[in-house]
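The structure appears right after this line, and notes come after that.
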Protein chains: 4
Amino acid sequence: MSNESQQPRVRILDTAYRLFLGQGYNSTGINQIIEEAEVAKASFYQHFKSKEDLCVGVLEKRHQYIEEQSQALSAQKRTPKMKVLASFDLISLLNEQEDFRGCAFLNILSEIPADNTKVREVIYAHKSNIRQHFKDLLQHAELADHIYLLYEGAFVESQLYRDQWPVNRAKKIANSLIS
Amino acid sequence: MSNESQQPRVRILDTAYRLFLGQGYNSTGINQIIEEAEVAKASFYQHFKSKEDLCVGVLEKRHQYIEEQSQALSAQKRTPKMKVLASFDLISLLNEQEDFRGCAFLNILSEIPADNTKVREVIYAHKSNIRQHFKDLLQHAELADHIYLLYEGAFVESQLYRDQWPVNRAKKIANSLIS
Amino acid sequence: MSNESQQPRVRILDTAYRLFLGQGYNSTGINQIIEEAEVAKASFYQHFKSKEDLCVGVLEKRHQYIEEQSQALSAQKRTPKMKVLASFDLISLLNEQEDFRGCAFLNILSEIPADNTKVREVIYAHKSNIRQHFKDLLQHAELADHIYLLYEGAFVESQLYRDQWPVNRAKKIANSLIS
Amino acid sequence: MSNESQQPRVRILDTAYRLFLGQGYNSTGINQIIEEAEVAKASFYQHFKSKEDLCVGVLEKRHQYIEEQSQALSAQKRTPKMKVLASFDLISLLNEQEDFRGCAFLNILSEIPADNTKVREVIYAHKSNIRQHFKDLLQHAELADHIYLLYEGAFVESQLYRDQWPVNRAKKIANSLIS
DNA sequence: TATGAATGAGTGTTCATTCAT
DNA sequence: CATGAATGAACACTCATTCAT
């Protein structure tokens, strides 16, 4: 499927998604995006009113992807416990597929100014969603947050160590925690 | 104590420390640093051969600060368990003092290119040190990593939620985990 | 004809041409070029991806100019011998017009790092072209190179002595060499 | 013989000589010189009041070296003709030893502003000296300048072509010119 | 709707030189 | 005599964004 067979907006979003995740938000310039997406600069600003706006779009796309993968992995499992543990498999999968780039949401959280409300809200929504997901499955708020913190810690640490050990460890712990 | 009463190198490092932590690495330009540190641009490059080099300096300073604070809080405690729990108090303290900016090391990890070895190594060393700290105190590798992942998760999540709940939760869990 | 009546790319090239020839490549900064060409800095980099790229452009423009002048002078002459001798008149003309700045190609050859392939190739192509020109006219390779070396020597020495004597002498010798 | 066993002035001069010839005048910064010469910055300015001043020193040293080599090659020859031809062997030698960097005097002539009288005079003196050398040997002003122009052309062209052909050709021509 | 030329403000870095000690 | 810290100005280059066509 060639680049030109897609709508400009889609091409921009796909390209930015790939670049923001692969090399970071600040390290990715508008020029690189429009060049690789093969769109004109003004076309870009027709579809996204700013780089920040694009960032929101990318994070929403990422959210959707994470959701899909999560549900795909979860669907094969029968018990809530196994569904929870599947979340850690998702991190493993992303680490492998994307060479330990870590959590796109947390990375961008570190890159944007603290007062960037719009982007922060998308990140907040995504993470709250995951947190709630654990709560829904486990029906035990404290345990859910325990798992959630392990999940987040494992994600961020596997990026730092460029190794799956934090995920493996966290999953093992989670397994022992959930009755 | 006025700005000029310090050595230029100290002024640069202090300023960069404050700015990198407060507004991020990429959002802080050399120009802002030298202006607020009141040094000439070439003076800056006499003391630090690049911005990356300064970043290493800042992270080392941060490491030192974290160590000092950690030991100060830890010194008041008698048992290993209480010393471990004191680590969570340190996050609480930093969150309060620095308005939930999160972990400087993880933030910068997200900001730099993945192949920046020098900076990554400082970050790696700092985090490995903390991980080892828990291992030394608890004499139980698995438990130590459990605590470590909670610690990291709590740090990163309190930045996102701009709230102490993740630290409080993590500390409470840690308290129950350690016999 | 005012500056603004031209396209930005043309204004940049004309300005750089004038400055590189008049004051040297390294002594001419991008800032001076864009200021005198009355274009924004980013506009410059839209048309030329680097200073080196601009240098290539300037040398190509110079090549064109030399060719035109050479053919203009040559066209009036009937015999190959007279056409060869006209080449020396070209040096005289340039020396007068441009105050003995010497050969732009050789000057820039001295200014750029030895491993700058792109620029070197333009210089090489220009000089090879001149050398071949003599060979074509004289149909005698050894004689042609003899003339070529005198031509180059005359160009470079008139720059040093800020005087036409080397050109006059070289032309006289050439006259006596060609049957 | 270690670096420190020499006087500072000598170390600076030797280093600058090597660097100016090897990588060019403008591409060589004061910092690189003092670093490789292992002298303090202020020590440098004690011995040379400016970079231009150092340049004069380097060119004088170069002049001396060329003279010595020239006389060494010349001394073995008996006739004036053979002594003249030895000059071309010198270029060959330098091309080999110094990887076709060309004539240091002409290179620097191209690098400095046209109004730099002090440096120009050293260059002028050196070249006048060579020109006079040919006149003295040949006792025939026109022939001497013919050889001189070939000599200069050969020097500059072997730099451009990174090949000995111009020197070989020029020497052969000179051989046939001198009775 | 789509374009690409144009922009001002900024990036990190290096220059040759001076000065207090 | 020797030092190394300090400097202002300049370096080549990139940023996200706008606007006339």
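Proteins get letters first, then strands, A, B, ... in listed order; numbering begins at 1 in each. In this text the structure is predicted, and so the values were computed from the model without any measurement.
Mapping B:Asn31 and A:Val39 onto DNA chain E via the closest heavy atom, the residue that lands nearer the 5' end is A:Val39. With the nearest nucleotide of DNA chain F identified for both C:Gln32 and A:Ser50, C:Gln32 has the one nearer the 5' end.
B:Arg162 and B:Asp99 are joined by a salt bridge, as a carboxylate oxygen and a charged side-chain nitrogen come within less than 4.0 angstrom of each other.
In terms of phosphate contacts, C:Ser43 brings a side-chain nitrogen or oxygen within less than 4.0 Å of OP1 or OP2 of E:dT7. Contact annotation: A:His47 reaches the phosphate of E:dA2 (side-chain N/O to OP1 or OP2, under 4.0 Å).
Between B:Phe20 and B:Tyr25, the ring planes lie perpendicular to each other; the angle is over 60°, past the 30° to 60° tilted range. In this pair, C:His63 and C:His126 present their aromatic rings perpendicular. The plane angle is above 60°, beyond the 30 to 60° band.
Without hydrogens or angle criteria, B:Gln159 side chain to B:Arg101 main chain gives a donor-acceptor distance under 3.5 Å. Between the A:Asn26 side chain and the B:Glu111 main chain, no donor and acceptor come within less than 3.5 Å of each other.
What separates CG of A:Asn26 from C1' of F:dT14 is a distance of 13 Å, to the nearest Å. Residue B:Phe48 contributes atom CZ, which lies 12 Å from atom P of F:dA6 at whole-angstrom precision. One can place CD of D:Glu38 at 12 Å from P of F:dG4, the figure rounded to the nearest angstrom.
If you check every strand for non-hydrogen atoms under 4.0 Å, A:Ile30 touches a base.
The number of heavy atoms from other shown groups lying within 6.0 Å of OH (C:Tyr17) is above 12.
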All N/O pairs under 3.5 Å across the protein-nucleotides 18-20 of chain F interface:
none

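Every side chain to side chain donor-acceptor pair (under 3.5 Å) that C:Glu98 has, sequence neighbours left out, goes to C:Arg62.
Nearest to the side chain of C:Gln46, among E:dT1, F:dA5, E:dT7, sits E:dT7. The C:Lys51 side chain lies nearest to F:dA12 when the options are F:dA12, F:dT3, F:dA5.
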Each base of DNA chain F marked ( ) or [ ] if paired in-strand (Watson-Crick or G-U under 3.5 Å), | if paired to another strand and . if unpaired gives .||||||||||||||||||||
